[in-house]
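Accompanying notes for the structure given below.
In what follows, every heavy atom counts, from backbone to side chain, and hydrogens, waters and symmetry copies are set aside. Convention: sequence-line order gives letters A, B, ...; per-chain numbering from 1.
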2 protein chains.
Amino acid sequence: MSRYLDARRETLPAAVTDLAEQLTEAGYKVTGPRLAVLKAATAQPGAFSVHELEQWLIAQGESPGTASIFRTVRLLCDLNLLQRIHGLDECHRYSLSKGHGHHLVCTNCGAMERFDNCGVQGLVQQLEQHTGFRISAHLIELFGLCPRCRATAA
Amino acid sequence: MSRYLDARRETLPAAVTDLAEQLTEAGYKVTGPRLAVLKAATAQPGAFSVHELEQWLIAQGESPGTASIFRTVRLLCDLNLLQRIHGLDECHRYSLSKGHGHHLVCTNCGAMERFDNCGVQGLVQQLEQHTGFRISAHLIELFGLCPRCRATAA
DNA sequence: CGCCAGATGAGACAATGTACCAGGTACCCG
DNA sequence: CGGGTACCTGGTACATTGTCTCATCTGGCG
């Protein structure tokens, strides 16, 4: 438990206090800058870049330094509270994560769908037999047009 | 055809002249710096970063500027003669490409296997139905230990 | 409440890549 | 085969995305 967190629990969205508690459980302190980053992350509509996070925080008038934002984002990634998303051109956006998951990203507007069952097990087994590799991780992202962008494009 | 290329065709590996001809066909000039980058790329054992390319060229005593190397690499990517490979941490390595392909990369030594049949069609269809997205591209990379690294690790 | 390990933040630095522009050169064409 | 020109070059400055250092501060614990 964190006294700092308890003192402002009432003023924070549940999503933020939830994440903050996981920080405490992992042995990290709950601090102003970290709460600010959590607030910013939960406030983003979809996946976000660190730059977007910083702009949002500046707009709120409570941006900690760039270094602190990057540090916090990295920490959250290490704890699997954030997930890195890779793009075809633009690498490294981030999204709040709930375990293993992949993303289907609209190349036009950035809308994002998560999917968990990536159906890659068959491929993995087949390749392990074929190549002798022991496969331990995979990176799968899909890209296309979301229904709305398809409609406006037509 | 390129006079410049023809003049030094004898002194170049076939892989380089082959790529250079594809530059010509696409309407680009064959120049010294571009040939140097092609030589460097074909000389790499596996996937490479732009930095590694530049180090190799410097070691050969014929490095064009960093800007030219990046420009050439980007051009080759645009022409699908090079393929960008995405990693979990380190993004953006490059490899000579032959069409659509994915990679199985050793997280320990960087060894790489290409595979073409990624068996993702079923997943794509299923997700298109489910989400209404029109899926046009995908990013799939697998990571693990190659046979040699598994042996030395054991 | 006071101590202190851990967190902060300003700024330097690093890696990767793009923009600009004066000067150079491969290629087309006659 | 040589000239004109569109394209290419390379050096430098700059942009983006991070990381590192270090003096200072603060949340958590006793």
Side-chain angles (χ1 to χ4, degrees), chain A residues 1-9 17 20-21 23-38 47-55 57-58 61-79 82 84-94, chain B residues 1-9 17 20-21 23-38 47-55 57-58 61-79 82 84-94:
Chain A
M1 276 299 124
S2 156
R3 283 193 295 183
Y4 186 91
L5 175 57
D6 279 345
R8 52 215 83 203
R9 185 178 294 271
T17 56
E21 276 168 16
L23 278 184
T24 306
E25 275 165 38
Y28 294 95
K29 295 183 180 173
V30 173
T31 65
R34 284 178 178 169
L35 281 181
V37 170
L38 290 177
F48 48 87
S49 64
V50 172
H51 181 68
E52 285 162 0
L53 225 49
E54 186 167 22
Q55 289 308 307
L57 285 163
I58 288 170
E62 54 173 321
S63 177
T66 310
S68 295
I69 300 178
F70 272 107
R71 256 191 309 240
T72 305
V73 165
R74 186 151 68 110
L75 175 63
L76 295 172
C77 283
D78 288 348
L79 295 176
L82 270 190
R84 257 190 187 167
I85 301 178
H86 298 256
L88 285 176
D89 293 323
E90 154 194 74
C91 265
H92 292 181
R93 299 179 73 75
Y94 302 86
Chain B
M1 279 298 123
S2 158
R3 282 194 298 181
Y4 187 92
L5 174 57
D6 278 345
R8 52 214 84 203
R9 183 177 296 271
T17 57
E21 275 168 17
L23 278 185
T24 307
E25 274 165 38
Y28 293 95
K29 295 183 180 175
V30 173
T31 65
R34 284 178 178 168
L35 281 181
V37 170
L38 289 178
F48 48 86
S49 63
V50 172
H51 182 69
E52 285 162 0
L53 226 49
E54 187 167 21
Q55 289 309 307
L57 285 163
I58 289 171
E62 54 173 319
S63 177
T66 310
S68 294
I69 300 178
F70 272 108
R71 254 191 312 240
T72 306
V73 165
R74 186 152 68 110
L75 175 62
L76 295 172
C77 283
D78 288 348
L79 295 176
L82 270 190
R84 255 188 189 167
I85 300 178
H86 298 258
L88 286 177
D89 294 322
E90 154 195 72
C91 265
H92 292 181
R93 299 178 74 75
Y94 301 87

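Regarding Leu38(A), its CG atom lies at a distance of 14 Å from the P atom of dA7(C), rounded to whole Å. In this structure, CG of Leu23(B) is placed 16 Å from C1' of dT25(C), rounded to the nearest angstrom. Rounded to whole Å, atom P of dG17(C) lies 12 Å from atom CZ of Phe48(B). In this structure, Glu62(B) atom CD and dT9(D) atom P are separated by 14 Å, rounded to whole Å. Rounded to an integer number of Å, the gap from CG of Asp6(B) to C1' of dC28(C) is 15 Å. A straight line from CG of Leu35(B) to C1' of dT9(D) spans 14 Å, rounded to a whole angstrom. The interatomic distance linking Glu52(B) (CD) with dG17(C) (C1') rounds to 16 Å, in whole Å. If you take CG of Leu57(A) and P of dG9(C), they are 11 Å apart, rounded to a whole angstrom.
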Identify each atom pair where a protein N or O and an N or O of nucleotides 2-7 of chain D are less than 3.5 Å apart, giving names and distance.
from, atom 1, to, atom 2, distance (Å)
dA6(D), N3, Lys29(B), NZ, 3.4
dC7(D), O4', Lys29(B), NZ, 3.4

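Residues from residues 63-70 of chain A placing a heavy atom under 4.0 Å of any atom in DNA chain D, listed by number, are Ala67(A), Phe70(A).
Proximity of Leu23(B) to Leu5(B): side-chain heavy atoms (C-beta onward) are nowhere separated by under 4.5 Å. Under the 4.5 Å side-chain criterion, counting only non-hydrogen atoms from C-beta, Arg93(A) is in contact with Glu52(A). Inter-residue side-chain proximity for Pro64(A) and Leu57(A) is flagged as met; some heavy-atom pair is nearer than 4.5 Å. For the pair Thr72(B) and Leu38(B), the minimum side-chain heavy-atom distance is 4.5 Å or more. Ser49(A) is not listed as a side-chain neighbour of Tyr94(A), based on a closest heavy-atom distance of 4.5 Å or more. Taking 4.5 Å as the limit, every side-chain heavy atom of Arg71(B) sits out of range of all side-chain heavy atoms of Arg34(B). Annotation: side chain of Leu75(A) is not in contact with side chain of Phe70(A) (no heavy-atom distance under 4.5 Å).
Under a 3.5 Å cut-off, the side chain of Arg84(B) and the backbone N or O of Cys77(B) do not form any donor-acceptor pair.
Ion pairing between a basic and an acidic side chain is recognised when a charged N comes within 4.0 Å of a carboxylate O; Arg3(A) and Asp6(A) show no such pairing.
Residue His51(B) is the one, among Thr31(B) and His51(B), whose nearest nucleotide of DNA chain C lies closer to the 5' end (criterion: closest heavy atom). Nearest-nucleotide positions on DNA chain C for Arg8(B) and Arg74(B) put Arg74(B) closer to the 5' end. Residue order along DNA chain D, read from the 5' end via each residue's closest nucleotide, puts Gly32(B) first among Gly32(A) and Gly32(B).
A cation-pi arrangement is present between Arg8(A) and Tyr4(A) under the rule of less than 6.0 angstrom and at most 45 degrees off the ring axis.
Between His92(B) and the phosphate of dG17(C), there is a side-chain N or O to OP1/OP2 separation shorter than 4.0 Å. Contact annotation: Tyr4(A) does not reach the phosphate of dA7(C) (side-chain N/O to OP1 or OP2, under 4.0 Å).
Rounded to 10 degrees, the angle separating the terminal axes of the helix from dC1(C)-dG30(D) to dG30(C)-dC1(D) is 30°, with each axis obtained from five end pairs.
In this model, no side-chain donor or acceptor of Arg71(A) finds a partner on the base of dG18(D) within 3.5 Å.
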